[in-house]
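Each chain gets a letter, A, B and so on, in the order its sequence line appears, and its residues count up from 1.
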4 protein chains.
Amino acid sequence: MGGTMDGTKQQRRGNTRQRIQDVALDLFAEQGYEKTSLREIAEHLDVTKAALYYHFKTKEEILVSVYEDRTRPILDLIEWGRQQPHTLETKQEIVRRYSEILAGAAPLFRFMQENQAAVRELRVGETFKERMQGLREIIVDPDAALHDQVRCVSAIFTLHAGMHFLQDLNASPEEKRKAVLEVATDLVTQAHEGTRRA
Amino acid sequence: MGGTMDGTKQQRRGNTRQRIQDVALDLFAEQGYEKTSLREIAEHLDVTKAALYYHFKTKEEILVSVYEDRTRPILDLIEWGRQQPHTLETKQEIVRRYSEILAGAAPLFRFMQENQAAVRELRVGETFKERMQGLREIIVDPDAALHDQVRCVSAIFTLHAGMHFLQDLNASPEEKRKAVLEVATDLVTQAHEGTRRA
Amino acid sequence: MGGTMDGTKQQRRGNTRQRIQDVALDLFAEQGYEKTSLREIAEHLDVTKAALYYHFKTKEEILVSVYEDRTRPILDLIEWGRQQPHTLETKQEIVRRYSEILAGAAPLFRFMQENQAAVRELRVGETFKERMQGLREIIVDPDAALHDQVRCVSAIFTLHAGMHFLQDLNASPEEKRKAVLEVATDLVTQAHEGTRRA
Amino acid sequence: MGGTMDGTKQQRRGNTRQRIQDVALDLFAEQGYEKTSLREIAEHLDVTKAALYYHFKTKEEILVSVYEDRTRPILDLIEWGRQQPHTLETKQEIVRRYSEILAGAAPLFRFMQENQAAVRELRVGETFKERMQGLREIIVDPDAALHDQVRCVSAIFTLHAGMHFLQDLNASPEEKRKAVLEVATDLVTQAHEGTRRA
DNA sequence: AATGAATGAGATTTCATTCAT
DNA sequence: CATGAATGAAATCTCATTCAT
């Protein structure tokens with residue numbers, strides 16, 4: 001308060017909204033959306049429930065706001081992808097960039113993956129579906145053989161799964177991410193080549 | 001009562017437990033575990049909530065019972081796999097059989113996939129993790145290169161994802177299942193060969 | 001089953017009613033009347049709840065039946081006391097005999113003492129009150145000074161309390177019972193003498 | 001509404017917590033802890049059940065809070081007693097003061113006496129036991145003859161019992177309280193003298 | 001003499017949400 | 001910018017009791 005560096009503690013002042021989003025996402029990811037109550041979020045922040053309602057109209061809106069902030073890069077990626085030629089290089093680049101996006105917002109994606117049911121009829125559910133769809137349209141060639149289409153979807157899924165389901169493989173997170181990216185890239189590449197050959 | 005064989009309605013008597021499991025799974029899969037209330041289940045069955053408690057001690061127990069009944073084949077598969085030599089053929093056969101198991105209990109697996117957060121601290125959560133672990137131990141070679149290990153995990157995930165994330169690919173379910181199986185088998189095969197070569 | 005002596009195990013056959021009473025009293029005394037459910041009683045006996053209803057019309061009736069069986073001696077004591085002259089010796093004898101009755105049905109009296117609220121509007125509540133009243137009428141002289149009347153009531157209470165509230169005094173149960181009886185007798189005696197003198 | 005100072009009705013605002021405690025204690029004392037539902041308490045206060053949960057985390061906590069507020073004087077008394085010499089005068093003073101404390105929180109003590117079973121495994125059960133223990137340690141001489149120890153316990157019990165079991169003795173409450181105190185004091189005195197003489 | 005299946009009533013508790021201050 | 005107090009709706013679960021078999 002007043003100091004030049006403000007330091008660690010109690011940096012309140014205007015950023016409550018941000019803090020709510022952060023804490024909420026943590027709890028949502030850890031416990032699930034339904035099991036996380038506003039009371040809990042408020043307690044973690046040391047404010048009252050009513051304070052949350054000053055910043056967000058509903059519980060859902062908290063989630064929506066976090067979601068939109070952190071998944072904007074996907075929109076950009078899709079936009080970018082749509083303007084590129086549908087070459088193998090493009091697809092590989094999409095996979096690479098998507099992998100980075102996932103790594104950059106891991107808790108949110110973990111949340112989305114693990115709370116599909118809870119989220120299905122929320123606004124974010126719809127939006128997420130649409131984005132996935134958008135991604136697919138870019139890397140999946142609708143004229144390709146079915147198994148090659150599947151390969152592409154599998155590539156995306158491999159990236160998603162890579163985040164949470166490799167905990168017991170003993171390797172550093174960075175190594176794992178690379179390995180996952182390699183497999184995903186491979187899948188897209190095989191799909192592309194299978195299609196070319198046909 | 002009326003028809004010769006009693007037919008559809010009013011087949012009560014003795015099968016209530018089974019009917020509860022069926023209805024519960026349907027609703028859990030459709031709406032999510034947390035969002036499905038016992039009231040709803042009871043109403044669908046035209047019994048009182050208390051009747052559910054006659055057959056099951058808790059809500060969780062309903063889920064557990066369904067889960068255990070329908071995932072027993074996985075246990076058998078793991079058992080079988082453990083006694084086979086760790087050859088490529090075995091792994092391919094595991095993938096094939098697992099694909100069949102998934103297809104045979106699609107709603108349950110859809111549920112497990114979409115409700116990971118909700119289910120995490122339920123008993124089934126633990127059990128499921130263990131089973132996945134068991135499966136992996138059979139098809140993943142711990143000495144293989146990391147990317148080949150990832151391929152195997154990805155194969156399993158592809159099978160799982162194949163069930164719910166290909167709705168918009170236009171092809172018959174049977175065709176899709178075949179394609180998915182093909183991709184998964186391929187992943188395992190590549191992983192195996194990669195390892196051999198090394 | 002069939003042996004001459006029948007032995008320990010499974011001595012069923014006709015005595016279920018008795019066994020229900022015993023188990024019920026144990027549980028009532030241990031946990032309280034309200035907290036003891038019929039399910040629990042049934043489980044302890046390894047029969048179904050419905051079986052209890054074959055032997056007793058209601059939960060209350062179980063209690064009533066136990067109560068009546070085990071407190072009959074009080075009725076006899078009162079009857080006897082009413083026919084004696086109201087001498088000191090009579091009063092002392094009442095105290096002595098009552099002490100024995102209490103010791104002989106300790107769990108029931110513990111129950112009655114600790115569940116007064118729960119039992120108040122049950123039939124046993126009324127009955128118990130009446131019996132206490134009857135006892136008092138014999139040992140309390142209505143013309144005595146107030147503090148001497150109190151002494152008599154206190155004597156009875158001392159007997160009751162003696163059963164459960166002396167656990168931490170280090171002495172054998174038998175010694176304690178004697179000491180309690182001594183104090184109670186003393187109180188009655190003092191009351192009587194106080195009155196005489198006046 | 002009407003009166004100058006707002007008077008009786010609608011004094012809401014700020015004192016709800018207190019009102020809950022008061023109503024709860026009344027109902028607990030009248031009907032017993034288990035038989036008193038939160039619905040009932042809420043209705044008596046003309047608020048919703050949820051309002052109770054705003055002020056207290058559980059039903060038990062309501063009881064605990066009332067208990068702690070009203071039995072603090074006992075703690076003080078014990079503290080005081082511990083610092084006094086263990087003379088007869090001290091003991092008599094303890095008895096006198098305890099009698100006053102009981103009279104000052106009669107409904108609570110009636111409740112505790114009549115709901116021992118219900119309260120046994122609640123937090124208050126433990127606490128109450130401890131306090132009784134504390135009191136005893138002050139007035140009971142551990143080297144005294146057993147019957148003298150019993151006399152002291154009986155004194156305490158006489159005070160307790162005096163509150164609820166003398167309704168039919170025809171005398172004013174104040175007279176009765178005096179008589180009870182006299183008897184209790186006498187018991188302690190006799191115990192003390194018995195010990196002295198030995 | 002007892003069971004299996006079920007019910008109706010009600011208990012405690014939790015939650016998202018509102019609003020005057 | 002936030003709180004204190006409260007609500008309405010609903011959730012999970014328990015219990016004494018019933019009755020056909």
Engineer: Inspect the contact between A:R72 and A:E68 and indicate whether a charged nitrogen and a carboxylate oxygen are less than 4.0 angstrom apart.
Structural biologist: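 A:R72 and A:E68: not salt-bridged.
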Engineer: So does C:K49 reach the base of F:dT17 with its side chain, donor to acceptor, closer than 3.5 Å?
Structural biologist: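 Yes.
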Engineer: Measure from CZ on C:F56 to P on E:dA1 and round the result to the nearest Å.
Structural biologist: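 Value for this atom pair: 13 Å.
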Engineer: If you look at every heavy atom in D:L38 and D:Y53, which pair is closest and at what distance?
Structural biologist: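 Scanning both residues, the minimum pair turns out to be CD1-OH, 3.0 Å.
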Engineer: If you find the nucleotide of DNA chain E closest to A:K35 and the one closest to C:A50, which residue's nucleotide is nearer the 5' end?
Structural biologist: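 Here C:A50 is the residue nearer the 5' end.
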Engineer: When you check the phosphate oxygens OP1 and OP2 of E:dA2, does a side-chain N or O of C:Y54 lie under 4.0 Å from one of them?
Structural biologist: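 So the side-chain polar atoms of C:Y54 never come under 4.0 Å of the phosphate oxygens OP1 or OP2 of E:dA2.
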Engineer: Verify side chain to side chain contact (heavy atoms under 4.5 Å, CB included) between D:L63 and D:F28, making sure each step is shown before the conclusion.
Structural biologist: CA-CA 9 Å; D:L63 175 56; D:F28 287 163; 4.0 Å; yes
Engineer: In Watson-Crick or G-U wobble terms, both distances under 3.5 Å, what is the partner of F:dT17?
Structural biologist: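 Across all strands, the one nucleotide that pairs with F:dT17 is E:dA6.
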Engineer: Calculate the interatomic distance between A:I41 atom CD1 and E:dC15 atom C1'; express it in whole Å.
Structural biologist: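 Going from A:I41 (CD1) to E:dC15 (C1'), I get 12 Å.
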Engineer: Of B:K57 and D:R17, whose closest DNA chain F nucleotide lies nearer the 5' terminus?
Structural biologist: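 In this pair, the answer is D:R17.
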Engineer: Quickly work out the D:L52 CG to F:dG4 C1' distance and round it to whole Å.
Structural biologist: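 Roughly 16 Å, once rounded to whole Å.
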Engineer: From OH of C:Y53 over to P of F:dC15, roughly how many Å is that when rounded to an integer?
Structural biologist: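 Value for this atom pair: 12 Å.
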Engineer: The side chain of D:L38 is closest to which nucleotide in this list: E:dT7, F:dC13, E:dT12?
Structural biologist: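 Closest nucleotide among those given: E:dT12.
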Engineer: Is there a side-chain polar atom (N or O) of A:T16 under 4.0 Å from OP1 or OP2 of F:dA2?
Structural biologist: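 For F:dA2, OP1 or OP2 has a side-chain N or O of A:T16 closer than 4.0 Å.
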Engineer: Given atom CG of B:D46 and atom C1' of E:dA5, what is their separation to the nearest angstrom?
Structural biologist: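 Distance, rounded to whole Å: 15 Å.
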Engineer: Does OP1 or OP2 of E:dT14 have a side-chain N or O of A:S37 closer than 4.0 Å?
Structural biologist: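 No, outside the criterion.
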Engineer: Under the side chain to side chain contact (heavy atoms under 4.5 Å, CB included) criterion, do D:Y33 and D:L122 qualify, and how do the steps go?
Structural biologist: CA-CA 11 Å; D:Y33 179 73; D:L122 265 38; 3.5 Å; yes
Engineer: How many whole angstroms separate atom CG of C:L45 from atom C1' of E:dA1?
Structural biologist: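 Atom CG in C:L45 sits about 14 Å away from atom C1' in E:dA1.
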Engineer: Nearest-Å distance, NZ (B:K59) to P (F:dA11)?
Structural biologist: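 That distance rounds to 9 Å.
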Engineer: Looking at C:R19 and C:D26, does any basic side-chain N land under 4.0 Å from a carboxylate oxygen?
Structural biologist: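 So C:R19 does not pair with C:D26 through a salt bridge.
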Engineer: For E:dG4, take OP1 and OP2 only and decide whether either is under 4.0 Å from a side-chain N or O of B:H55.
Structural biologist: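 It does not, given that no N or O in the side chain of B:H55 lies less than 4.0 Å from OP1 or OP2 of E:dG4.
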Engineer: Below 4.5 Å, heavy atoms only, C-beta onward: do B:F128 and B:Y67 meet side chain to side chain?
Structural biologist: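 Yes, close enough: below the 4.5 Å cut-off.
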Engineer: Taking for each residue the nucleotide of DNA chain E with the nearest heavy atom, is it D:E40 or A:E60 whose nucleotide lies nearer the 5' end?
Structural biologist: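 Mapping each residue to its closest nucleotide by heavy atoms, the 5'-most match is D:E40.
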Engineer: Nearest to the side chain of C:A51 - E:dT14, E:dT7, E:dT3?
Structural biologist: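 Given the options E:dT14, E:dT7, E:dT3, the side chain of C:A51 is closest to E:dT3.
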Engineer: How long is the line joining CD of B:E34 and C1' of E:dA16, in whole Å?
Structural biologist: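 The distance from CD of B:E34 to C1' of E:dA16 comes to 15 Å, rounded to the nearest Å.
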Engineer: Nearest to the side chain of B:V47, which nucleotide is it out of E:dT12, E:dT7, F:dC13?
Structural biologist: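 Nucleotide nearest to B:V47's side chain: E:dT7.
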Engineer: If you compare every side-chain N and O of A:R39 against the phosphate oxygens of E:dT14 (OP1, OP2), does one of them come in below 4.0 Å?
Structural biologist: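 So the side-chain polar atoms of A:R39 never come under 4.0 Å of the phosphate oxygens OP1 or OP2 of E:dT14.
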